[in-house]
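What you see is a predicted model, and the numbers here were worked out from it, not measured in a lab.
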Amino acid sequence: MNVRWFIFFLTGLFPPILSAGTPTQLHCLGNGNYCAFGQGADIESIFGPGYSSPSYVRLTVNGGDSTVSSRMKGTAIWQHSIYRDGKIMAKFTDFIDSKTAVLARIIDCYAEFSVDINILEDEKITIAENFYANKKEKSSSLLIHKDRGLPIYGNYSHPYEQFQHIFTKGNATLVKKENYNYSFHIQPGKSEIFFIGGSTFEECEEYTNLVINSTTVSLFDRTKEHWLEYTKRRYDFEQLVPDHLPNKKEIIDQIDNVAIILKTQQAAQGGVIAGHAYHLGYVRDQYGVSRGFLAMGYFEEARKILNFYWDIWKDFGYIHNAQAIGIPGIFHQHENDEVEITGYLIIQAFDYLKKTKDTAFVKEIFPMLEWAWQVQKNNLKKGMLPFNGDETYVAGGILPRNALNDGSAEATFLFIESGSYLLSFIDENRLWDAAVIESNRAVMDSTRIAFHHNFLSDNQIMANNPSRVTIEEMPAFRHGFCAGSHGVLETRKDENGNYLCPKCIAEGLSLPRIERKIYFLPSLALTPEYFGSELISKKILEHNLSLIKENYMRKGQVSSREDSNITIGYEYGLFLYALTKNRDKLAGTILADMMAVIDETGAWVEYYHNGIPRGCNYRPWESAINIEAIILYSLNYETN
């Protein structure tokens, strides 16, 4: 047992982060309406009310040289101890109130230190100093008004006004350093710092009055109770997981980690943000999150994700790659948004149905599922669907973006699997005429038959098939990444098949003809096991799984390609899932590898390069997929 896990067993808290300076990993505090990401004792970002909001305030603690951080078991309450020269400087307790847009930090100060407050310098930001200050009560404050227009993500602007109020009680003195930069000087004794949000001036003041007139202890108690009630609702893994499973306690603790990771990032509207950098609800990411919730017994949370889509679809009649949460009409559109994510959406509904038997709800959202099926059909060419532009292998640079209009094995697979679920449901509930059902079955069956010809070569699964369309047949215009790296926007195809935005065209950018080649990714063989599909024969799946195992044994790490040192964060989970299904003894080794790369906050991240975390921290999608695989392994340990 290593030192940090030993400390965990002694304290009953989660593994501490001990760092010289600021820890690199992030953790989340959120109640569905107000959200913050901490980086050790610093507040890296805070946003809301509303999860699809910009962050424009950062808090940095000065004076310490190391930080120990831990999460209270079963809750999203974090505790931090700040040290200077080996002596305790201060202790913090952080939580977001369960009912309001209030983040509270309770401070026990033993040696004077300061806290910097850095506010985005922008014409849309207005600051009122000490608007609520009360000298008698030793309080100080900064009221921050954000006008409409700051970006949520990329160039998607937040269309509403917003308020953030930073308010203190106790031994904290506000000092202005320069425009948009302030500092609180904290003296020994008790102090409290509050971040108070508001979608209106009135709401911000209402929450401020709550903080002034209530005890922080009362807010802490109701927040702790809220989280422990959430924790009690999940399956009792202490009873379900066999006692002789090695590292049982660590695994159950990791289930608690992921339960908090997912819930803190789920908005009140049901959508789950994709991490600290992505304040939108992504369809693909939320599919994995839904499965993670279902695997832990959180059926209500899984239903809320589907209801999030349903509310948007009723208003607009479509879903895109990602949607703003609580802001009608803001969509993050990628290339080919009618494929892949639409298959995930259908399958997600039937995953939920399988666990809950909630037929009435699936019937209610059926018009959305029907749409998701029809738009996939519209993109079929030669029995193949193209790639969605935010597909993981493409986004991670493992497949080139110029292959997006090729046939995609994964998108086509999802079309077949989603159609199988949907058409069976339609038939059982007599939602279409028999002739219409048969017509759609014929499309699905012909695509299934063609799949083997289109995507299998010498018993290997092709990631793509360039024969779906020629360069000339590719669409003349599309919304997506431009080849000149100007971002996601409207583009036009040039004669060589490159998609260029108006900036590229104005600059006279000329690129060589795109390369049309086939890519093999053995890890695609993990997908059918994950979905429980019988589309590809067991013999072929076993062959491809053997290639993945051989690659792992040569390199000593999970990776998407033999020539790549990148591991996509959820590949651990898909690999473990397939190995467990096949009762392969390598499963225990992969489990150990998965547990070894968990960061100090208990999360898996977007990518790993030679085992080092890269990309977005505290990721719901990777963490959910990986924990589902661990649960499957743990519950079936007798047969592994």
Side-chain angles (χ1 to χ4, degrees), residues 30 32-37 43-58 101 118-128 143-165 179-180 195-204 265 267-283 285-286 308-309 311-313 315-335 337 341 389-390 395 478-482 484-491 501-504 506 616:
N33 190 40
Y34 202 49
C35 192
F37 279 90
I43 303 297
E44 185 267 349
S45 58
I46 187 162
F47 47 98
Y51 271 20
S52 284
S53 295
S55 175
Y56 41 93
V57 182
R58 183 184 178 104
N118 299 306
I119 302 166
L120 177 68
E121 186 171 353
D122 191 279
E123 62 181 5
K124 299 177 179 66
I125 300 289
T126 302
I127 302 170
L143 178 67
I144 305 165
H145 171 247
K146 180 201 72 69
D147 207 347
R148 300 172 180 86
L150 288 182
I152 302 165
Y153 171 74
N155 61 355
Y156 303 113
S157 294
H158 188 252
Y160 307 130
E161 293 179 78
Q162 204 172 59
F163 291 82
Q164 302 291 344
H165 181 206
N179 287 342
Y180 297 92
F195 283 82
I196 304 166
S199 53
T200 65
F201 206 154
E202 182 179 11
E203 183 177 60
C204 186
Q265 295 181 81
Q269 295 85 354
V272 182
I273 60 173
H276 76 284
Y278 310 114
H279 298 186
L280 304 169
Y282 290 75
V283 177
D285 291 61
Q286 292 180 105
F308 166 69
Y309 297 132
D311 286 342
I312 293 171
W313 190 88
D315 288 339
F316 295 94
Y318 53 81
I319 298 291
H320 273 299
N321 174 63
Q323 356 289 313
I325 300 170
I327 305 176
I330 293 183
F331 296 92
H332 180 40
Q333 181 182 348
H334 256 285
E335 303 93 336
D337 274 354
I341 60 171
D390 203 33
R478 74 183 187 193
H479 187 94
F481 272 100
C482 78
S485 301
H486 288 120
V488 180
L489 67 173
E490 291 293 325
T491 64
C501 73
K503 292 181 182 179
C504 295
C616 188

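With sequence neighbours left out, the side-chain hydrogen bond (donor to acceptor under 3.5 Å, both in side chains) criterion links K124 to no other residue. D337 meets the salt bridge (Lys or Arg N to Asp or Glu O under 4.0 Å) test with no other residue; sequence neighbours excluded.
Expressed to the nearest 0.5 Å, how far CD of Q286 lies from CZ of F308 amounts to 5.5 Å. Summarising the geometry, atom CZ belonging to F47 is positioned 10.5 Å from atom CD belonging to Q162; distances are rounded to the nearest 0.5 Å.
With a 4.5 Å cut-off on side-chain heavy atoms, V488 and H334 count as touching. Between P54 and L120, the closest side-chain pair of non-hydrogen atoms is not below 4.5 Å. Residues I125 and L150 have side chains in contact (heavy-atom distance under 4.5 Å, counting atoms from C-beta outward). Side-chain contact between E203 and F163: absent, with no pair of heavy atoms (C-beta onward) separated by less than 4.5 Å. Using a 4.5 Å heavy-atom threshold, the side chains of Y56 and D122 count as separate. For the pair Y153 and I330, the minimum side-chain heavy-atom distance is 4.5 Å or more. Looking at heavy atoms from C-beta onward, I325 lies in side-chain contact with I273 at the 4.5 angstrom threshold. Counting heavy atoms from C-beta outward, Q265 and F37 have side chains that approach closer than 4.5 Å.
Residues P49 and G198 share a closest heavy-atom pair of CD-N, 3.3 Å.
Judged by distance alone, the side chain of S157 and the main-chain N or O of P151 form no donor-acceptor pair under 3.5 Å. A side-chain donor-acceptor contact under 3.5 Å links H279 to the backbone of S53.
A salt bridge does not link E161 to K146: none of the charged side-chain nitrogens sits closer than 4.0 Å to a carboxylate oxygen.
For the 3.5 Å distance criterion, the side chains of Y34 and Q164 qualify, holding a donor opposite an acceptor.
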Item to check | side chain to side chain contact (heavy atoms under 4.5 Å, CB included) between I144 and F195, intermediate numbers included | outcome: CA-CA 11 Å; I144 305 165; F195 283 82; over 6 Å; no
